[in-house]
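So the structure is just underneath, and the comments pick up after that.
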Number of protein chains: 2
Amino acid sequence: MAAHYQIDDLDRQILAALVDNARTPYAELAKLNGVSPATIHVRVEKLKQAGIITGAQITLDPQALGFDVCCFIGINLKSAKDYGRAIAQLNGLPEVTEAHYTTGHYNIFIKVRTRSIEELHQLLINRIQSIDEIQSTETLISLSSPIQRQISL
Amino acid sequence: MAAHYQIDDLDRQILAALVDNARTPYAELAKLNGVSPATIHVRVEKLKQAGIITGAQITLDPQALGFDVCCFIGINLKSAKDYGRAIAQLNGLPEVTEAHYTTGHYNIFIKVRTRSIEELHQLLINRIQSIDEIQSTETLISLSSPIQRQISL
DNA sequence: TATGAAAGACCGCTCCC
DNA sequence: GGGAGCGGTCTTTCATA
């Protein structure tokens, strides 16, 4: 992990291509950048060891799986020191895909996906607002997500 | 895209494994589930055609790349009908990794990554608050992200 | 130390049962 | 859904500057 590895233009090109499609053949990357496949391989290994590339995932379309509702929930705790316990409970809810400890209006900010508004309703009442450490919640429903991407370089 | 394809346990196992590691060999998936590699292949193709698997990405560690600051910004527009133009401008900012059209306190809700607080400051003043259609913004800085995952099945 | 070229192993794809 | 063969890709090794 250590210090930030200084990436160059070639690294940037490789990352951009692999973020777009993790299965891009090294030969293609090599041709696009005018280097040999071995060079691509060396660079990818370096990026992995630098901790920049953390893995490869397939991407799922939540809507195709029936998860039509995406929303953010701002959470206020009764006491800021309850943070750890609250997170542990939220972690047990598969619908929660992100949780952040934030400054600003809320103590914790989470992203949630459910199959329907009804399911969101039940989740909120039965599983989230019932967590002892939570004082109040505020829900922002995402009606559409026009931007969704990884950091660009 | 059409109707939701009904996935079974085998599909779920495959998806879970490939979300964890997109390079998991089909032979391994086959052995784990007591079926043949060809069956895995058929299932993966089916999931792709159903639009459930949308692709494969490498995952980047923003911090290893020097992007240490993650925050959410709630945006209120002067007029809700300016939505499209505001999104178009936000789309031009590489630091913006998500944008949602939301109900609740804000019209638009975005996720942003910068290398430093200073960079966030500049981004806010010079590139975001300077967008004509935007009336006001509210920033929530993420101090840590204890949960970060795709939907589980 | 980083690159270029080539050979080997592995995986995924396609046929047929 | 299972099994075998082909093609392609990744990986490794060696040579080079």
Side-chain angles (χ1 to χ4, degrees), chain A residues 1-62 64-66 149-153, chain B residues 1-61 63-66 149-153:
Chain A
M1 213 87 331
H4 295 156
Y5 166 65
Q6 269 305 325
I7 67 172
D8 64 10
D9 281 342
L10 177 56
D11 293 321
R12 260 184 282 273
Q13 294 287 343
I14 293 171
L15 289 176
L18 291 179
V19 163
D20 184 58
N21 176 13
R23 307 252 182 186
T24 311
Y26 287 8
E28 191 180 324
L29 293 174
K31 207 163 65 176
L32 285 173
N33 294 283
V35 297
S36 79
T39 303
I40 302 292
H41 179 244
V42 170
R43 293 304 188 100
V44 170
E45 286 303 313
K46 210 180 281 180
L47 290 166
K48 279 183 190 164
Q49 259 151 31
I52 292 173
I53 296 178
T54 55
Q57 293 193 328
I58 55 168
T59 49
L60 305 180
D61 178 359
L65 283 164
R149 61 191 176 200
Q150 292 201 57
I151 43 174
S152 28
L153 313 157
Chain B
M1 217 79 337
H4 295 155
Y5 166 64
Q6 269 306 325
I7 67 172
D8 65 9
D9 281 343
L10 177 56
D11 293 321
R12 261 183 282 273
Q13 294 288 341
I14 293 172
L15 289 176
L18 291 179
V19 163
D20 184 59
N21 177 13
R23 307 252 182 185
T24 312
Y26 287 9
E28 192 179 322
L29 294 174
K31 208 163 64 178
L32 285 173
N33 293 283
V35 296
S36 79
T39 303
I40 302 292
H41 179 246
V42 170
R43 294 304 189 100
V44 170
E45 285 303 313
K46 212 179 281 182
L47 291 166
K48 278 184 191 165
Q49 259 151 31
I52 291 173
I53 297 178
T54 54
Q57 293 192 327
I58 55 168
T59 50
L60 306 181
D61 179 358
Q63 296 192 12
L65 283 164
R149 60 192 176 198
Q150 291 202 57
I151 43 174
S152 29
L153 313 157

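Values reported hereafter were calculated over all heavy atoms of this structure, with side chains retained and with hydrogens, waters and symmetry mates removed. Order of the sequence lines fixes the chain letters, A, B, ..., with proteins taken first and strands second; residue numbering starts at 1 for each chain.
- Residue B:Gln150 holds its CD atom at 4.5 Å from CG of A:Leu60, rounded to the nearest 0.5 Å.
- In this structure, B:Lys31 places its NZ atom 15 Å from C1' of C:dC11, rounding to the nearest Å.
- One atom, CD of A:Glu45, and another, C1' of C:dT3, lie 16 Å apart when rounded to the nearest Å.
- Neither OP1 nor OP2 of C:dC11 sits under 4.0 Å from any side-chain N or O of A:Arg23.
- Not one side-chain nitrogen or oxygen of B:Thr39 sits closer than 4.0 Å to the OP1 or OP2 atom of D:dG1.
- A:Ala30 approaches A:Pro37 most closely through the heavy-atom pair CB-N, 3.5 Å.
- The distance between atom CG of B:Leu29 and atom P of C:dC13, rounded to the nearest whole Å, is 12 Å.
- Picking from C:dT3, C:dC13, C:dA5 the nucleotide with the shortest atom distance to the side chain of A:Ala38 gives C:dA5.
- Within the structure, a side-chain polar atom (N or O) of A:Tyr26 is placed less than 4.0 Å from OP1 or OP2 of D:dT11.
- Across all strands, B:Val42 comes closer than 4.0 Å to no nucleic acid atom at all (heavy-atom distances).
- In this structure, the separation between CG on A:Leu10 and CD on A:Gln13 is 8.0 Å, given to the nearest 0.5 Å.
- Atom CD1 in B:Ile40 sits roughly 13 Å away from atom P in D:dG3 (whole-Å rounding).
- The NZ-P distance, from B:Lys48 to C:dG12, rounds to 10 Å in whole Å.
- Whole-Å rounding puts the B:Glu28 CD to C:dG12 C1' distance at 15 Å.
- Look at B:His41 and you'll find a side-chain N or O under 4.0 angstrom from OP1 or OP2 of C:dC13.
- Rounded to whole angstrom, the span from the CG atom of A:Asn33 across to the C1' atom of C:dT3 amounts to 14 Å.
- Expressed to the nearest 0.5 Å, how far CD1 of B:Ile52 lies from CG of B:Leu47 amounts to 5.0 Å.
- The two atoms that bring A:Arg23 and B:Ala56 nearest to each other are CG-CB, 4.4 Å, heavy atoms only.
- Between the C1' atom of C:dT3 and the NZ atom of A:Lys46 lies a distance of 11 Å, rounded to the nearest Å.
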